[in-house]
Amino acid sequence: MSANETPVIAVEGLRQTYGSGETQVHAVDGVDLVVERGDYVAIMGASGSGKSTVMSILGCLDTPTAGRYLLDGTDVRTLSDREQARIRNRKIGFVFQHFNLIARTSALANVELPLAYAGVPRSERRRRAVDALTLVGLAGRLDHTPAQLSGGQQQRVSIARAIVGEPVLLLADEPTGALDSRSTDEVLDLFDGLSAEGRTLVVITHEDEVAEHAKRVLRMRDGRIEADLRRAPVDAAPPRWRPGAEAS
Ligand SMILES: Nc1ncnc2c1ncn2[C@@H]1O[C@H](COP(=O)(O)OP(=O)(O)OP(=O)(O)O)[C@@H](O)[C@H]1O
Ligand SMILES: [Mg+2]
């Protein structure tokens, strides 16, 4: 992973303004950001500082008021809504605080879904979904619905769903916000493992414990990045986790 590879994220002069006149809010107020392949970035900052707004833009879920966003080299502004949906499905895996799994649907079917959207044939879909669920330690829970799984297990299903399509970017907004400390540790171990494999992660969090796992920590304030600290060089994370090491 050389430094001159196309960055996964290259953002320039990003702004997101809501409302007008007296009630105008500059949710994002001039953000420049480059995230290289293989980096593991935590975004921190007070409530209302613009973290989720930035994530919506990085996730192609929202169009900024101004600024340029190259996702893996593609200028998102030039894409139609349909093309944006396609690039989102192909290039980004999402993990949310409240899992966003489909109720009354098995873990396996939940994980297969993004592959179905991408037109992957059924048998390959199944094989890849089983592999992803095995990787997150849930090979024994394939047929369980979300209601039959603990919060931590549901979040691991959602991580399997996020990685099954081999996205270039994993985006997580408060992924441990609804979890107890043991499940939080499981999720952080998985993220460490994915990072050690060379995947690119951007994680929004309020928790120092979560940010301590990242290689780089951004701190937002009033819609801007006020601090950008690198904890360790890209590629320097020791492999602390092995796929399949968890039994449950
Ligand atoms: N759709 C919207 N319409 C109007 N204002 C909005 C909208 N979305 C966000 N905002 C405002 O933009 C600012 C940034 O919000 P954002 O949700 O990005 O903050 P955050 O850092 O994610 O906060 P939290 O930690 O509470 O999740 C806030 O002042 C918020 O009220
Ligand atoms: Mg938020």
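Whatever order the structure lists them in is the order used to number ligands and atoms, beginning at 1.
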query = How about Ser47: does one of its N, O or S atoms come closer than 2.8 Å to the Mg ion (ligand 2)?
reply =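 Ser47 does not place any N, O or S atom closer than 2.8 Å to the Mg ion (ligand 2).
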query = How far does CZ of Arg77 sit from CD of Gln84, to the nearest 0.5 angstrom?
reply =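 Going from CZ on Arg77 over to CD on Gln84, the span is 11.5 Å.
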message = For a quick check: using heavy atoms under 4.0 Å, what are the residues in contact with ligand 1, sorted by chain and number?
response =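 Residues within 4.0 Å of ligand 1: Tyr18, Val25, Ala27, Ala46, Ser47, Gly48, Ser49, Gly50, Lys51, Ser52, Thr53, His206.
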query = Tell me, do Val11 and Asp32 make a side-chain contact under 4.5 Å, heavy atoms counted?
reply =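 The answer is no, as the side chains (C-beta and beyond) never meet within the 4.5 Å cut-off.
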key: Residue pair Glu207, Thr176: steps toward the side-chain hydrogen bond (donor to acceptor under 3.5 Å, both in side chains) verdict   = CA-CA 9 Å; Glu207 296 165 62; Thr176 62; 3.0 Å; yes
task = For the pair Asp39 and Arg230, find out whether any cationic side-chain nitrogen is under 4.0 Å from an anionic carboxylate oxygen.
result =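 Result for this pair is yes, salt bridge flagged.
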Residues Arg37 and Glu5 bridged, charged N to O under 4.0 Å =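 Yes, this pair counts.
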inquiry  = Does atom OH (Tyr18) have a neighbourhood of more than 12 heavy atoms from anything else shown, all under 6.0 Å?
reply    =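 Check passes, neighbour count above 12.
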